[in-house]
Structure formats: structure tokens, C-alpha cells
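Atoms considered below: every heavy atom in the structure, side chains included; atoms not considered: hydrogens, waters and symmetry mates. Please read all numbers here as calculations on a predicted model, not as lab measurements.
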Amino acid sequence: EPRPHVTIASHAINLAATAGKRTFILKSNVDWTIESDAPWCIATPTSGKKGTTAITITAEANTSKAERTAQLIITASDDKTIITVTQAAK
């Protein structure tokens with residue numbers, strides 16, 4: 001079995017306060033899942049097969065005066081990769 005390996009361009013994504021979408025490329029040598037720990041930040045698709053997949057992050061508008069963060073947890077077998085998404089304050 002190959003060691004699970006996930007490749008992403010960045011472990012940190014910064015978003016404007018407005019609602020919007022951002023896409024990034026995920027490369028993995030095994031099947032994977034991705035989940036967000038915040039309801040305002042959704043990643044789709046939520047799972048995929050080995051290979052290269054475009055993941056779209058959809059963020060709701062931040063209406064507060066404080067920036068906020070979400071963690072996207074990518075699980076590939078026993079390997080976990082975390083992306084921190086930071087959204088600017090209103």
C-alpha cells in the first residue's frame with residue numbers, strides 16, 4: 001500500500017467578507033474526504049477518488065466586525081491535512 005499523500009497549493013486561504021467561491025486543486029494518491037468545521041464555509045465535493053480534483057469552497061458573507069476562521073479537514077486513509085480558511089471582517 002502506498003503511503004497516503006495529499007498535495008494542495010496552500011494550507012491557508014484568505015477570503016473577502018463578501019459571500020463568494022474559491023477553487024483549489026487537491027491531488028491525492030488514495031480516496032479522500034473533506035469536511036468543514038464551520039457552517040458558513042462549505043467545500044464541494046465532499047469526497048473523491050485518487051487523482052486530481054478541483055474543490056470549490058463556498059463562503060457565506062461575514063456580517064460581523066470580526067474576522068473568522070474555518071478548518072477544512074482532508075482525510076486520506078490515516079493522513080489528515082488541514083486548510084485554514086480566514087474570512088475578513090465586514
request  = Please list, chain by chain and in numerical order, all residues satisfying side-chain contact (heavy atoms from CB on, under 4.5 Å) with T23, sequence neighbours excluded.
outcome  = A54, T56
key: Linked hydrophobic residues, I82 as query - side chain contacts closer than 4.5 Å   = I73
ask   = How many angstroms lie between CD in Q71 and NE2 in H11, if you round to the nearest 0.5 Å?
value = 12.0 Å
ask   = Got a sec, which residues hit side-chain contact (heavy atoms from CB on, under 4.5 Å) with N14, two or more places apart in sequence or on another chain?
value = T86
query = Taking only residues two or more places apart in sequence or in another chain, which ones pass side chain to side chain donor-acceptor pair (under 3.5 Å) with T58?
reply = K21
Which atom of S28 lies closest to which atom of V30, heavy atoms considered = OG-O, 2.7 Å
note = residues 7-19 vs salt bridge (Lys or Arg N to Asp or Glu O under 4.0 Å), sequence neighbours excluded, gives none
task = Check salt bridge (charged side-chain N to carboxylate O under 4.0 Å, His left out) between K49 and all other residues, then give those that pass, not counting sequence neighbours.
result = D31
Linked hydrophobic residues, I57 as query - side chain contacts closer than 4.5 Å = V6, I8, I13, L15, F24, L26, W32, I34, W40, I55, L72, I74, I83, V85
ask   = Hey, does N29 have a side-chain heavy atom less than 4.5 Å from the side chain of R3?
value = no
Residue pair S36 / C41: nearest heavy atoms and the distance that separates them = OG-O, 2.7 Å
inquiry  = I'd like to check the side chain to side chain donor-acceptor pair (under 3.5 Å) partners of S77; sequence neighbours left out, ordered by chain and number.
reply    = none
key: Partners passing side chain to side chain donor-acceptor pair (under 3.5 Å) against T75 (at least two apart in sequence or in another chain)   = K80
key: Listed once per pair and sorted, the salt bridge (Lys or Arg N to Asp or Glu O under 4.0 Å) pairs that draw on residues 52-76, sequence neighbours left out   = none
ask   = Donor-acceptor pair, N62 side chain versus A88 backbone, under 3.5 Å?
value = yes
ask   = By side-chain contact (heavy atoms from CB on, under 4.5 Å), which residues pair with K27, not counting sequence neighbours?
value = T7, I25, T52
